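Quick notes on the structure that follows.
Reminder, nothing fancy here: chain letters follow the sequence lines and each chain counts from 1. Only a predicted model underlies this, so the values are computations on that prediction, with no experimental measurement involved.
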Amino acid sequence: MTVLFSVFLLTLLVITAIAAVQSRNLFVSVMLLGIFSLLIAANFLLLDAADVALTEAAVGAGISTVLFLGALALTFEREHRPTPHRWLSLAVVFAATLVVLYATFDKPKFGDPGAPVQVHVAPWYIEKTPEVIDVPNIVTAVLASFRGYDTLGEVFVVFTAGIGVLFLLSASHGHAAQRRPHNGDESKIGLRNDLIPRVVGRLLVPFILLFGLYVQFHGDYGPGGGFQAGALIAAAVILFALVEGEERTLEAIPRGALLALMVSGAMLYGLVGVAGIFLGGEFLNYSVLADDPIAGQHLGIILIEAGVGLTVTGVLLSIFHAFAARDRF
Amino acid sequence: MTDLSMHLPAIQVVAPMLLAPLVVLLKPRGLAWMAATAGSIMAFLVALNLAGQVLAGADVRYVMGGWAEPYGIGLRVDEFSALLLLIVNGASAAALLAARRSIDDAIEGDRQPLFYSAWLLTLAGLCGIVVSADAFNIFVFMEISSLASYILVAGSPDRRALPAVFKYLMMGTIGATFYLIGVGLVYMMTGTLNLADMELRIHEVADQRPILVAAGFITVGLALKAAVFPLHVWLPNAYTYAPHAVTVFLAACATKVSLYVLLRFDFVVFQQNLVGHELQFTAFLMPLAALAILVGSAVALFENNLKRLLAYSSVAQIGYILLGASMISVAGLSAGMLHMFNHALAKGTLFLAVVCLATRLATFDLREMAGAARAMPWTMAAFVLGGLSLIGVPGTAGFISKWYLVTAALEQGWLGVALIVVVVAGSLMAVAYIWRIVEAVWFTQPEGGAAEGGTASMNEAPLLMLAVTWAAALANIGFGLYTSPQRELAEKAAGALLGQLP
Amino acid sequence: MELLGIYHYWVFAVLLMIGFYAVVAKVNLVKKLIGLSLFQSAVFLLYITMGKVSGGTAPIFLKDMIDPVFSNPLPQVLILTAIVVGISTTALGLGIVVRIKEEYGTIEEDEIQEIDRR
Amino acid sequence: MQVVLDIISWVLLTAGGAFVLVGGIGALRMPNLYTRMHAASVTDTVGAILVLGGIMLQAGLTLATIKLAAILLFLLITSPTASYALANAAMIAGVKPEAGRAPDTEHDS
Amino acid sequence: MYYVVTIATLVTMALALVRAVLGPTVYDRVLSVNMFGTKTVLLISVIAYLAGRPDFLDLALAYALINFIGVLAVLEFFKSRTARRLQEQSEREEN
């Protein structure tokens, strides 16, 4: 039965994708992209990928939508003209699809426990995790320890995007930029002048923050971890910004603090790695962090997850503010 | 004190990477540059040390987090990666040393820490790709280096850099995603991400369609990132409009690292296991390489913008490297690898000279550069040396690799003769386009009359910049006369990659 | 069951095509980025699909589990990283688009080329 | 006792499913924005109460029930708020309740 | 019984999707996105229970929350757009 649910969701997925590409209103495309994210996340859940589902929902439906909206607010909402027919590109796309379809036929069967991916490497993780790391969530164990170096790279990708957007949007305004009437917080229209969303929003923000912390520190036991928590906390602050206004949010958490979050998170992760070297192990070897290797692993995982969370929160909020501030200059 | 020497492969990547967040905080003027330069020079010393170890016969390996491969992520430095590490770190250090004035002109002081941070991240990403022994880890570091290099290119005050960098981003992401698809398919069939482990396990499934498709996706994706003709469309604009110092760095090493991954993946994982793959590889890449040489050089012949001319010349030079590799022989492959090194030297010198020129010139249009050499004779002299090396005049580094390329081509019989014709034609065109520049800057009278050109006093670039440029120029001569270290690295690397081939 | 497996991969292929089409054929830069997101999502689907074991469950130990069958955690880890990479690329791309709009007053590729040619 | 609980929860689940479906049909078939909003938001809340309530009965007194209650509470707070904000935004933008269509500026697809 | 609910939810998601594609106003689309989000929350709750994994309920909570914030962000975007339009209108009238 779940199989049929999957098929149904996948079909909806394709329809959503087509609609998102077809629509000439970019805003509609962005909203459909949000739906697309929810759908693909539900699919991930059906395919047993709970952590991925959580991340995809938080990132795709939440953060990505907000970022796209921020960019649309600064640019245009509509495509100017219909897509020209570029036959060459269509041919390339078509060829690529045929190639991919060609590959489907020799693939191992769906869900086959004897497939190469299930018999090599992966069983080792499942078998060894309780023994050498002892956290219930194997995904967290692999992410933070066995392949911790990848995750370090991931944190620095996020960090790079953060400084990239800050760098780009700190440039002086170009000649085609037009000054918009400053209507930000004085206008009578906007959520911050709406009683109900404002009250509800303010009520919810602390709970969302709490939930974010739960996801952060519960990541060893269930779906969650630093990245998801960072996205959720950032979402909570964005909600605060929506109902209370940019200025109040920046008063609460100034840009400098966000930059400090970014830097300190990345450095925390790096320093945990370096500590491994100085305590006699390899880079990112957490076992040497404490007398007992397993306690060391636990400590290391908690620290690096905290680093991930800090960086992600800092970067996402910095990017959000960078877009929002560009609107009113 | 812990003995750090065994951790060098990790330090090579991690040191610049961890320096990057700190650099962001260095607001006072010039401090960010100093920190970045110091970090980059240190990374270069690490690379030298690693290369020394490799030349001495050591097999440098490192396991991250203490988890054995293939469960954890391993790092490995062999001859090929040592060569690339030298190129990447050398280019970064030289470019940064020369960059200060040039970057001061291009970017406001308060944005500079972000810029230098991105620079270090690019460096760390490129090093990370080179030392990694894990297919997915390569993807992650590829993305770090790509994202950071987009930032670098977008630092240019020229607004045309923005569409260029957008195109670069699109193409780069498509390339990386193709690579990811390919890795996914290989993983699906073998169950492992470790390159060495893949090599062992791919035997059993080598004849199945997903592997074939994976080989295609990985090759195309990386060719896109390496700007192999005809997938080079992002390169000319990105190089032309990037800040000058960034062009030095990226032109010398960014595409070569993608090429490195392409060759490594192909030779280690696919070549010896897939039936008929050699033939496909040659049939696919050799014509493209030849076309790249011919078309790239031909376009450069008619280009009027100095930087763009050099960018198209880069497209042609990538062709030479690929041509060597596509012969699938030790001689050809080592010629290609050698050319990576020598081209980085030559193109680095040329673009360094461009950085110097940029301090005094407002335009790079050849028609308006008349007499520039009178004002900046030292700069232009270095430029000419770099140009000679690019052409492949005996006595310069460029000659060595072309000589090897021709020798390798001779082994190929009649096909080789055709290849030699291509190489010679490319070199002749190089002579022509370098001559166009030389003619414009040395021999043409500036139109504004004698007031500007004739009596213009020497107006050279800042000393440090000039010194770096000349050091690079002299290195072209030096490595042309004394070739052993890099040749030994290239030959051993080629032998190692082809070692198991029948 | 077999058909379903193929269906997953076909959806992957179709999504890949849709995203790729948007990237290469659309002239609006934001639309290109939307296409890029779809394109990357398709790859996520490929990875997660191959990690599924029939009758398996998410690779998280619960207290009262007896001899559980887990789906493969490794592709999930890889895709977590890939999702983060994807959003980073999108954010940076949007930043560039905003700058392009400020400098050129348009975000249509052909119009930008037109302006540059002048 | 268990049987009674089962029956109640089945009834709740079935009713919940029906409400959800009715809401969906309503959102599709109603003539204009505000009527659609009615269909969607009423069943959003009732449907959620019934479905989550049904599962809660099945789960018994466990951590799962507490989590479900939290989700339900959250939905009950946010759903009407979102509806209100939506109606408010639409009204300010000039979407008229009586007209089937919005003004031309908003009309797009 | 769970299947009944699941199927009903799935069908409703499809209907909401149709509404999102059809429009006609952007507010209709926001409405259907919101509906889609809450239905996903229900779907995940049911799946979590079906799969015997109560820890998935965290996901449902996260979805509900993200969905709410997403919808508010979209509405804020539209309100500021409306505000800008009204302001321009009033300026035009003054002139």
The test is side chain to side chain contact (heavy atoms under 4.5 Å, CB included); show your working for A/F44 and C/F44 and say whether it passes.
CA-CA 9 Å; A/F44 289 157; C/F44 305 163; 3.7 Å; yes

Go through it in stages, so that I can follow the logic: the residues are A/F68 and C/S37, the test is side chain to side chain contact (heavy atoms under 4.5 Å, CB included), and I'd like the CA-CA distance, side-chain angles, deciding distance and then a yes or no.
CA-CA 11 Å; A/F68 268 111; C/S37 290; 4.3 Å; yes

List the steps, then state whether side chain to side chain contact (heavy atoms under 4.5 Å, CB included) holds for C/F20 with A/V92.
CA-CA 9 Å; C/F20 197 26; A/V92 169; 4.0 Å; yes

Residues C/R99, A/L169; criterion side chain to side chain contact (heavy atoms under 4.5 Å, CB included); working and verdict
CA-CA 7 Å; C/R99 289 284 297 129; A/L169 297 188; 4.1 Å; yes

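Ranked by heavy-atom pairs under 4.5 Å with chain A, the first of C/T57, C/L62, C/V85, C/L78 is C/T57. Note: C/V27 leads C/V14, C/V23, C/V69, C/V27 in heavy-atom pairs under 4.5 Å with chain A. The candidate with the highest count of non-hydrogen atom pairs below 4.5 Å against chain A, out of C/A25, C/G55, C/A22, is C/A25. Ranked by heavy-atom pairs under 4.5 Å with chain C, the list A/G153, A/A231, A/A122 is led by A/A122. Options C/L94, C/L92, C/V97, C/L29 differ in how many heavy-atom pairs under 4.5 Å they form with chain A, and the most are formed by C/L94. Counting heavy-atom pairs closer than 4.5 Å to chain A, the top residue among C/T89, C/I96, C/L15 is C/L15. Options C/I79, C/D110, C/I87, C/I48 differ in how many heavy-atom pairs under 4.5 Å they form with chain A, and the most are formed by C/I48.
Here the straight-line distance linking atom OG1 of A/T97 with atom CH2 of C/W10 works out to 12.0 Å at 0.5 Å rounding. Note that CG of A/L168 is 9.5 Å distant from CD1 of C/I100, once rounded to the nearest 0.5 Å. Distance check: C/L80 CG to A/L54 CG gives 9.0 Å after rounding to the nearest 0.5 Å. How far CD1 of C/I83 is from CD of A/E154: 9.5 Å, rounded to the nearest 0.5 Å. Separating the CG atom in A/L10 from the NE2 atom in C/H8 is a distance of 4.5 Å, to the nearest 0.5 Å. Note that the OH atom of A/Y125 and the CG atom of C/L74 stand 5.0 Å from one another [nearest 0.5 Å].
Counting all heavy atoms, side chain and backbone alike, C/I34 lies closest to A/L26 at CD1-O, 4.4 Å. Scanning all heavy atoms of the two residues, the minimum distance from C/K31 to A/S29 falls at CE-OG, 3.4 Å. Here the closest heavy-atom approach between residue A/V100 and residue C/F12 is recorded as CG1-CE2, 3.3 Å. The minimum heavy-atom distance linking C/V77 with A/V139 is given by the pair CG2-O, 3.6 Å. Between C/G51 and A/Q118, the shortest heavy-atom contact is O-NE2, 3.3 Å. The shortest non-hydrogen separation linking C/G95 to A/F323 is N-CZ, 3.7 Å.
In this structure, the portion of C/L46 lying under 4.5 Å from any heavy atom of chain A is its side chain and not its backbone. Interface remark: C/S41 contributes backbone and side-chain atoms alike to the contact with chain A (heavy atom separation under 4.5 Å). Contact of A/I126 with chain C is made through backbone and side chain together, with heavy-atom distances under 4.5 Å. Neither the backbone nor the side chain of A/P123 comes within contact range of chain C; no heavy atom of the residue lies under 4.5 Å from a heavy atom of that chain. Contacts between A/L33 and chain C at a heavy-atom distance below 4.5 Å involve the side chain alone, from C-beta outward. C/T81 touches chain A through backbone and side chain together, each having a heavy atom under 4.5 Å away. Of the atoms belonging to A/F167, not a single heavy atom falls under 4.5 Å from chain C. Looking at C/E108, the atoms closer than 4.5 Å to chain A (heavy atoms on both sides) all sit in the side chain, from C-beta outward. For chain C, the nearby parts of A/T11 are the backbone and the side chain; heavy atoms of each come within less than 4.5 Å. Contacts between A/L13 and chain C at a heavy-atom distance below 4.5 Å involve backbone atoms as well as side-chain atoms. Looking at C/Q40, neither its backbone nor its side chain comes within 4.5 Å of chain A, counting heavy atoms on both sides. A/A115 does not touch chain C: none of its heavy atoms, backbone or side chain, sits under 4.5 Å away. Only the side chain of C/L16 comes within contact range of chain A, with at least one heavy atom under 4.5 Å from a heavy atom of that chain.
Considering only heavy atoms from C-beta on, A/F76 stays 4.5 Å or farther from C/N28 through its side chain. Looking only at side-chain heavy atoms (C-beta outward), A/L72 and C/V30 come within less than 4.5 Å of each other. At least one side-chain heavy atom of A/V21 sits under 4.5 Å from a side-chain heavy atom of C/K26.
Applying the salt bridge (Lys or Arg N to Asp or Glu O under 4.0 Å) definition to pairs two or more places apart or across chains, those involving residues 36-59 of chain C are A/D48-C/K52.
Neither side chain, A/S6 nor C/Y7, offers a donor N or O lying under 3.5 Å from an acceptor on the other.
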Listed pairs under 3.5 Å, donor-acceptor, residues 155-162 of chain A side chains, sequence neighbours left out:
from: A/T160; atom 1: OG1; to: A/F156; atom 2: O; distance (Å): 2.5

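Heavy-atom contacts from other residues, nucleotides or ligands closer than 6.0 Å to CZ of C/F61 number more than 12.
Side-chain atoms of C/Q76 do not come within 3.5 Å of backbone N or O of A/D51 as any donor-acceptor pair.
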